[in-house]
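The structure appears below as structure tokens.
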Number of protein chains: 2
Amino acid sequence: MKSKIKPIIIDGIDKKILRALTSDARTPILEIARNVGISGAAIHQRLRKLEKSKLISGSQFIINPKVLGYSTMAFVGIYLEKAVNNEDVIRALKKVPEVLECHYTTGNWNIFIKILAYNNNHLMQLLNNKIQSIVGVLRTESIISLDQQIDRQIRI
Amino acid sequence: MKSKIKPIIIDGIDKKILRALTSDARTPILEIARNVGISGAAIHQRLRKLEKSKLISGSQFIINPKVLGYSTMAFVGIYLEKAVNNEDVIRALKKVPEVLECHYTTGNWNIFIKILAYNNNHLMQLLNNKIQSIVGVLRTESIISLDQQIDRQIRI
DNA sequence: AGTGAAACAGTGTTTGG
DNA sequence: CCAAACACTGTTTCACT
């Protein structure tokens with residue numbers, strides 16, 4: 001069962017708070033307060049509202065995988081056998097840490113993933129030993145990202 | 001010219017720091033210090049090292065687009081005319097806030113994007129009015145994400 | 001080089017209005 | 001939403017290993 005999504009109304013002040021915190025999660029609340037022109041307690045109050053509405057689903061430091069040597073990003077379309085239990089495949093994919101995203105999709109592929117590897121050879125190993133070896137996976141089609149030009153969240 | 005990537009050696013303490021801050025960017029440094037068993041000053045020092053190495057490229061609050069009414073995510077493969085200036089196309093795509101990712105890719109498509117829309121109708125409008133109208137775009141192929149099962153960073 | 005204790009300014013959060 | 005209040009945090013300094 002899906003959890004219900006409550007709509008939320010956010011005003012200009014909420015947007016300013018969100019813009020500050022989506023560009024730097026550690027922006028001091030009091031600094032935001034000064035820029036917006038209201039008290040820190042008010043910002044704090046609004047943040048609680050935004051978190052309660054689930055519009056904010058957490059915060060994180062961003063890791064640059066290139067510094068760790070990951071230089072190959074790829075998208076992989078996966079064909080599944082008709083009889084297979086999809087959830088088992090998802091469970092297996094979750095165990096592969098290099099798989100960063102996983103979607104059920106329309107079109108020819110049943111599942112579509114984003115995967116990160118050290119290099120093309122490592123990608124091939126992952127596909128052979130970790131992806132295509134999953135029970136129910138028929139075959140895969142890979143699209144390698146030569147260069148990522150945009151990576152962002154939705155604009156507030 | 002690409003900026004040089006300096007390799008970095010991180011030990012178990014660095015990993016613990018990164019794990020804490022990638023799961024919650026606002027984790028107090030002193031709390032990490034207590035869990036790891038070293039002083040706050042030491043954590044602070046290591047954080048500076050990690051930022052200097054660019055392994056940490058910032059921090060952000062995570063927005064849940066569903067709460068804002070975005071319910072359709074799609075991947076779109078884009079065919080370009082041979083004569084077109086790719087950078088102009090990227091520049092145009094950057095101006096479309098619903099485009100969250102953009103990659104140059106191998107394979108049939110020249111460019112591959114991830115895009116977010118309120119619904120299928122909105123997606124169609126975006127494709128017709130904002131993407132296919134870009135000079136140099138020949139045609140597009142869309143893959144709609146029915147459900148996203150995995151969304152994470154590389155494991156530390 | 002890396003560590004930890006101490007110190008201060010500044011922050012996060014609560015309370016009462 | 002504000003102002004005040006308190007405990008705690010972030011950050012620097014410095015002596016030590």
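Numbers restart at 1 for each chain; the letters A, B, ... are given by sequence-line order, proteins then strands. Just so you know, these numbers use all the heavy atoms, side chains as well, and skip hydrogens, waters and symmetry mates.
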In residues 16-38 of chain B, which ones come under 4.0 Å of DNA chain D, going by heavy atoms?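 Pro28(B), Ile29(B), Leu30(B), Arg34(B), in order of number.
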
Nearest whole angstrom, please: distance from the [atom2] of [N] to the [atom1] of [X].
{"X": "Gln45(A)", "N": "dG16(C)", "atom1": "CD", "atom2": "C1'", "answer": "13 Å"}
{"X": "Glu51(B)", "N": "dG10(D)", "atom1": "CD", "atom2": "C1'", "answer": "13 Å"}
{"X": "Arg48(A)", "N": "dG12(C)", "atom1": "CZ", "atom2": "C1'", "answer": "13 Å"}
{"X": "Ile43(A)", "N": "dG10(C)", "atom1": "CD1", "atom2": "C1'", "answer": "17 Å"}
{"X": "Asp11(B)", "N": "dG2(C)", "atom1": "CG", "atom2": "C1'", "answer": "11 Å"}

When you measure from the side chain of Ser39(A), which nucleotide among dT15(C), dC1(D), dG4(C) comes out closest?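 Of the candidates, dC1(D) comes closest.
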
Do the side chain of [X] and the main chain of [Y] share a donor and acceptor less than 3.5 angstrom apart?
{"X": "Arg152(A)", "Y": "Val99(B)", "answer": "yes"}
{"X": "Asp14(A)", "Y": "Asp11(A)", "answer": "yes"}
{"X": "Glu98(A)", "Y": "Leu126(A)", "answer": "no"}

When you group the ILVMFWY residues by side-chain heavy-atom contacts below 4.5 Å and let the links chain together, are Leu138(B) and Ile111(B) in the same group?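 Shared cluster, no.
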
Would you please classify the geometry between the Trp109(B) ring and the Tyr79(B) ring as parallel, tilted or perpendicular, with 30° and 60° separating the classes?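 Taking Trp109(B) first and then Tyr79(B), their aromatic rings stand perpendicular (interplane angle over 60°).
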
Under 4.0 Å from OP1 or OP2 of dG12(C): is there any side-chain N or O of His44(A) that close?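 No, because none of the side-chain N or O atoms of His44(A) sits under 4.0 Å from OP1 or OP2 of dG12(C).
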
Classify Ala41(A) by what it touches in the nucleic acid, base, sugar-phosphate, or nothing, heavy-atom distance under 4.0 Å.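 Result for Ala41(A) = base.
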
Does the side chain of Asn110(B) pick up a donor-acceptor pair with the side chain of Thr105(B) at under 3.5 Å?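 No pair is found: no donor N or O on one side chain lies under 3.5 Å from an acceptor on the other.
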
